[in-house]
Chemist: 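Pasting in a structure now, in structure tokens, and then I'll have a few things to ask.
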There are 2 protein chains.
Amino acid sequence: MPEFKSVNEFRLNGGKYFVPSVSIDCVIFGFHDNQLKVLLLKVVNYHGWGLPAGFIYKEEDIDAAAQRILQERTGLHDIFLQQFYIFGNANRCDNNITKIAFDNLQIKAKPNNWLLQRFLTVGYYALVDFKTVNASHDIFSEEFEWHDIDCLPTMAMDHGQIVQQALLTLRTHLRYEPVGYNLLPEKFTMPELQKLYETILGKKLDRRNFQRKMLSYDILKRLKQRREGVAHKAPYLYSFDLKKYSTALKDGFQSAW
Amino acid sequence: MPEFKSVNEFRLNGGKYFVPSVSIDCVIFGFHDNQLKVLLLKVVNYHGWGLPAGFIYKEEDIDAAAQRILQERTGLHDIFLQQFYIFGNANRCDNNITKIAFDNLQIKAKPNNWLLQRFLTVGYYALVDFKTVNASHDIFSEEFEWHDIDCLPTMAMDHGQIVQQALLTLRTHLRYEPVGYNLLPEKFTMPELQKLYETILGKKLDRRNFQRKMLSYDILKRLKQRREGVAHKAPYLYSFDLKKYSTALKDGFQSAW
DNA sequence: TCAAAAGTGTTTTTTTTACACCCATGT
DNA sequence: ACATGGGTGTAAAAAAAACACTTTTGA
């Protein structure tokens, strides 16, 4: 895999290594302080926020490319990652990041520069444990930051729309398959799990019914331990029964909320 | 839009008009004789069956490209069409149709020929009224044919897998949104609608419960007419209340089977 | 001692499932 | 007249929704 010394070298000469005209955009969800968050980055020589993105090597499976891009950005391996949509409007790249960066830097790139073409982008969403992410700068980005899902900054191109679509997809998946293993630390309480569901769905749920339904899925283990040092009554800790969780993920379950 | 005189001219020179490395594959579902069917084509200079496919013009939205491709193939406008997955394994084009055709015809194309590259393909599924389709030959295909969903011929590349994925998607959508308007003629009977559901789901449903649930969605109008000239008791004809149908399609509905 | 969060169980309502009888039609 | 498919309703079971009291703990 080639190494690039600078973002501009990449922008000028990266084209020969990648599948042309297709990018990957990652919506990385994390959960912290009872809030669903998205990892955004500030792009160099550009004024706004964007999604962590990348390209597909010519001999690389797209799922592998998405995993690689995620790993480069978060340091995590084996992330839960799912393709959810391909965005392919003709005009989505009219104000693309590279074009604006070139303008800002007064670089005159050839019009056939690979990054100045119209791109389709494959949207992937990732679920990660907020605390174990070690978001790292790379040559493309100045700054990484978690943003609350319902308080996003203005974003580049159609990235705002991509986040919304990812959230909709996640919300749908929540109904038919287990979610949580990838977003929560190993041990968590039932109220914490509920808060996760509530922020994804964007609505309050009944505490008792939630617990009953969650337990009926038979993917949780209640531990002997309770969460200590908290105000009020100490809640039990749970963890996922990974085997049953995987089965449920594969087979799905029927439900409504 | 350019016109090509022959498939080989297209294969050799078509590249400059299209987004490189991305194709569109269409899984066209129809319903006839109580069977769910898929429209397949036999490709010229190739030994097997494939999905109707096409490419995206450089200035064209992908959804528009899919609509155009469908229209070229079926003669139908405003088809129900939905993107469902992007297939991007690196090796999916190892035995691609063009390569084999070139070999068969002993054409020596340049290795950088646009069609000999690795392609990603965007899968769309379409629901069409079997009877109004007028599948037309074009320069790429020798023969169009409807195939029963559970009796498909050996297919090119990963097209078999693409059909299965489309079917799975349709099966899922069936649970959460109305299906039928696009697959059935304007007037149809409840047993016909049920047969459609049964073939998509691949299982028998209870007649009485099916009717109750279907009516509860409040998207059907029962007509005064009955189907005439059939053996046994004449069933009522129904048609969809298009306004309510559209609303339901947008909002979805919750359900299980 | 009290406010705030957590644990638990019961009742009501809704949805789903299972199931049976009568009706119309062509053979 | 009868076999076949179509129309309809009801009772039982399961799932979801609504709801209240008790326990624990730190402030």
Side-chain angles (χ1 to χ4, degrees), chain A residues 33-35 171 174-178 180 184 187-199 201-239 248 251-257, chain B residues 33-35 174-178 180 184 187-199 201 203-239 248 251-257:
Chain A
D33 282 344
N34 287 339
Q35 263 295 328
R171 205 171 271 176
L174 196 64
R175 293 198 165 110
Y176 315 120
E177 58 188 55
L184 295 168
K187 299 173 183 181
F188 52 88
T189 67
M190 191 62 77
E192 283 161 6
L193 184 60
Q194 183 176 344
K195 282 280 165 27
L196 171 62
Y197 272 65
E198 288 178 340
T199 48
L201 290 170
K203 62 168 140 179
K204 292 263 167 241
L205 301 170
D206 181 274
R207 202 156 57 85
R208 294 152 288 191
N209 293 336
F210 177 82
Q211 164 150 332
R212 178 170 332 119
K213 169 161 252 168
M214 215 59 217
L215 290 176
S216 79
Y217 291 153
D218 191 29
I219 54 174
L220 289 173
K221 288 183 298 197
R222 186 160 98 173
L223 309 178
K224 299 261 162 55
Q225 277 178 285
R226 289 165 180 255
R227 168 87 69 223
E228 285 171 36
V230 292
H232 320 301
K233 185 169 182 175
Y236 284 102
L237 287 170
Y238 289 83
S239 65
D251 301 345
F253 41 65
Q254 215 58 32
S255 151
W257 248 301
Chain B
D33 281 344
N34 288 338
Q35 264 294 329
L174 197 62
R175 293 199 164 110
Y176 314 120
E177 59 187 55
L184 295 169
K187 299 172 183 181
F188 52 88
T189 67
M190 191 62 77
E192 283 162 5
L193 183 60
Q194 182 177 341
K195 282 279 164 30
L196 171 62
Y197 271 66
E198 288 179 341
T199 48
L201 290 169
K203 62 169 141 178
K204 292 264 168 236
L205 302 171
D206 181 274
R207 203 157 56 87
R208 294 152 290 191
N209 294 335
F210 176 83
Q211 164 150 333
R212 183 188 357 245
K213 171 161 252 167
M214 215 60 218
L215 291 176
S216 79
Y217 291 153
D218 191 31
I219 54 173
L220 289 173
K221 289 183 298 197
R222 185 161 99 174
L223 310 178
K224 298 260 162 58
Q225 276 179 288
R226 290 164 179 257
R227 168 86 71 219
E228 285 171 38
V230 292
H232 320 303
K233 185 170 182 175
Y236 284 103
L237 286 170
Y238 290 82
S239 65
D251 302 344
F253 41 64
Q254 215 58 31
S255 151
W257 248 302

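Order of the sequence lines fixes the chain letters, A, B, ..., with proteins taken first and strands second; residue numbering starts at 1 for each chain. Atom set for the values below is all heavy atoms of this structure, side chains included, hydrogens, waters and symmetry mates excluded. Small disclaimer: the values here were computed from a predicted structure and weren't measured.
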Chemist: Who are the side-chain contact (heavy atoms from CB on, under 4.5 Å) partners of A:Asp218, not counting sequence neighbours?
Modeler: A:Lys244

Chemist: Can you list every pair that meets salt bridge (Lys or Arg N to Asp or Glu O under 4.0 Å) and has a residue in residues 220-234 of chain A, with sequence neighbours left out?
Modeler: A:Glu192-A:Arg227

Chemist: Could you tell me which non-hydrogen atom of B:Phe210 sits nearest to which non-hydrogen atom of B:Leu205, and how far apart they are?
Modeler: CD1-CD1, 3.9 Å

Chemist: Got a sec, which residues hit salt bridge (charged side-chain N to carboxylate O under 4.0 Å, His left out) with A:Arg207, two or more places apart in sequence or on another chain?
Modeler: none

Chemist: Quick check for you: to the nearest 0.5 Å, what is the distance between B:Met190 atom CE and B:Leu220 atom CG?
Modeler: 5.5 Å

Chemist: List the atom of A:Thr189, the atom of A:Pro235, and the distance in Å for their closest heavy-atom pair.
Modeler: CG2-CG, 3.6 Å

Chemist: Would you tabulate the nitrogen or oxygen pairs shorter than 3.5 Å linking the protein to nucleotides 3-6 of chain C?
Modeler:
from: C:dA4; atom 1: N3; to: A:His232; atom 2: ND1; distance (Å): 3.1

Chemist: Could you tell me which residues satisfy side chain to side chain donor-acceptor pair (under 3.5 Å) with B:Glu198, sequence neighbours excluded, listed by chain and number?
Modeler: B:Gln194

Chemist: Describe the nucleic acid contact of A:Arg222 in one word from base, sugar-phosphate, nothing, applying a heavy-atom distance below 4.0 Å.
Modeler: sugar-phosphate

Chemist: Below 4.0 angstrom from OP1 or OP2 of C:dT15, is there any side-chain N or O of B:Lys213?
Modeler: no

Chemist: Give a yes/no answer on whether the side chain of B:Arg208 brings an N or O atom under 4.0 Å of OP1 or OP2 in D:dG5.
Modeler: no

Chemist: Are there any protein N/O atoms within less than 3.5 Å of an N/O atom in nucleotides 10-13 of chain C, and if so, which ones and at what distance?
Modeler:
from: C:dT10; atom 1: O4; to: A:Arg212; atom 2: NH2; distance (Å): 3.1

